[in-house]
Amino acid sequence: MDFKELVDLYHQKKIEGMDFSQIRKELAEKNIETELIKDIVRAIDNRMLSGEVKTKKKGMFKPRDLRLIGWILMIIGGVITLGTYFKWFDMNGYYFLSYGPVIAGYLLIVAARRAQRKNS
């Protein structure tokens with residue numbers, strides 16, 4: 001294998017959780033020179049530090065999805081509040097103010113904007 005292929009292979013293994021000491025040991029077992037091992041580890045470390053790796057965290061929403069959910073919550077909360085105020089729904093004289101979904105929707109939109117700025 002050439003240098004680039006080794007870097008690509010062990011870079012992927014590093015992403016999967018392999019330690020640098022394990023990488024060095026495995027490369028030494030393949031009878032690769034010490035200087036080349038240092039260069040490979042340095043190249044892998046540079047890739048990790050430069051942010052070439054974008055690991056997707058499970059359970060995380062994209063900023064676009066958060067913004068969409070936020071708008072939906074705000075609209076639902078607004079429609080319920082306005083519906084009770086303008087008597088679109090029969091509440092027998094009571095008003096139902098659904099500020100919770102409106103506030104939660106707004107906070108999701110703000111979080112989406114911050115996540116989008118962080119990603120760019």
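Since the structure is predicted, the reported quantities are computational estimates derived from the model, not experimental observations.
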- prompt: Is there a path from W71 to I76 through hydrophobic residues (I, L, V, M, F, W, Y) whose side chains come within less than 4.5 Å of each other?
  reply: no
Query raised in the report: What about V7 and F20, same hydrophobic cluster or not, with Ile/Leu/Val/Met/Phe/Trp/Tyr joined at side-chain heavy-atom distances under 4.5 Å?
Result: yes
In this structure, CD1 of I72 is separated from CZ of R67 (nearest 0.5 Å) by 13.0 Å
Rounded to the nearest 0.5 Å, the CG atom of D39 sits from the CD1 atom of I44 at a distance of 11.0 Å
Same cluster (ILVMFWY, side-chain, under 4.5 Å), M18 and I15: yes
When every non-hydrogen atom of M91 is compared with those of F96, the smallest separation belongs to CE-CB, 3.7 Å
Apply side chain to side chain contact (heavy atoms under 4.5 Å, CB included) to the pair L73 and L108, showing each step before the final yes or no.
CA-CA 9 Å; L73 281 175; L108 283 173; 3.8 Å; yes
(Q) Do the side chains of D8 and K13 get close enough for a salt bridge, i.e. N-O under 4.0 angstrom? (A) no
So CG of N31 and CG of L36: to nearest 0.5 Å the spacing works out to 12.0 Å
Distance col, row R24:CZ vs E29:CD, nearest 0.5 angstrom, shows 14.5 Å
#### Entry: Whether S98 side chain and I80 backbone form a donor-acceptor pair below 3.5 Å
no
*Side chains of R64 and Q116: donor-acceptor distance under 3.5 Å anywhere?*
no
Margin query: More than 12 heavy atoms of other residues, nucleotides or ligands under 6.0 Å from CZ of F3: yes or no?
Written below: yes
For the hydrophobic clusters of this structure (ILVMFWY residues joined by side-chain heavy atoms under 4.5 Å, transitively), does one cluster hold both L107 and Y99?
yes
Would you indicate whether the side-chain heavy atoms of K14 and R47 approach each other to under 4.5 Å? no
Is there a chain of hydrophobic side chains (I, L, V, M, F, W, Y, each step under 4.5 Å between heavy atoms) that links M48 to I37? yes
| request: Determine, for K62 against D65, whether the closest basic-nitrogen to carboxylate-oxygen distance falls under 4.0 angstrom. | output: no
Item to check | N46 and R42: CA distance, side-chain angles, deciding distance, side chain to side chain contact (heavy atoms under 4.5 Å, CB included) verdict | outcome: CA-CA 6 Å; N46 287 341; R42 188 175 301 125; 4.0 Å; yes
Might you work through the side chain to side chain contact (heavy atoms under 4.5 Å, CB included) test for L6 and Y10, ending with a clear yes or no? CA-CA 6 Å; L6 287 170; Y10 286 101; 4.0 Å; yes
message = Can you confirm whether E5 is buried at CD, in the sense that more than 12 heavy atoms of other residues, nucleotides or ligands lie under 6.0 Å from that atom?
response = yes
*Would I109 and L66 satisfy side chain to side chain contact (heavy atoms under 4.5 Å, CB included), going step by step from the backbone distance to the final call?*
CA-CA 6 Å; I109 292 170; L66 284 177; over 6 Å; no
Output for pair (K38 NZ, D45 CG), nearest 0.5 Å, gives 14.5 Å
query: With side chains defined as the heavy atoms from C-beta onward, is the minimum distance between L97 and Y85 less than 4.5 Å?
result: no
In terms of heavy-atom contacts, P101 and G77 come closest through CB-CA, 4.1 Å
Problem - T81 backbone acceptor or donor facing T84 side chain under 3.5 Å - result: yes
### Query
Would you say E26's side chain and I23's backbone share a donor-acceptor pair under 3.5 angstrom?
no
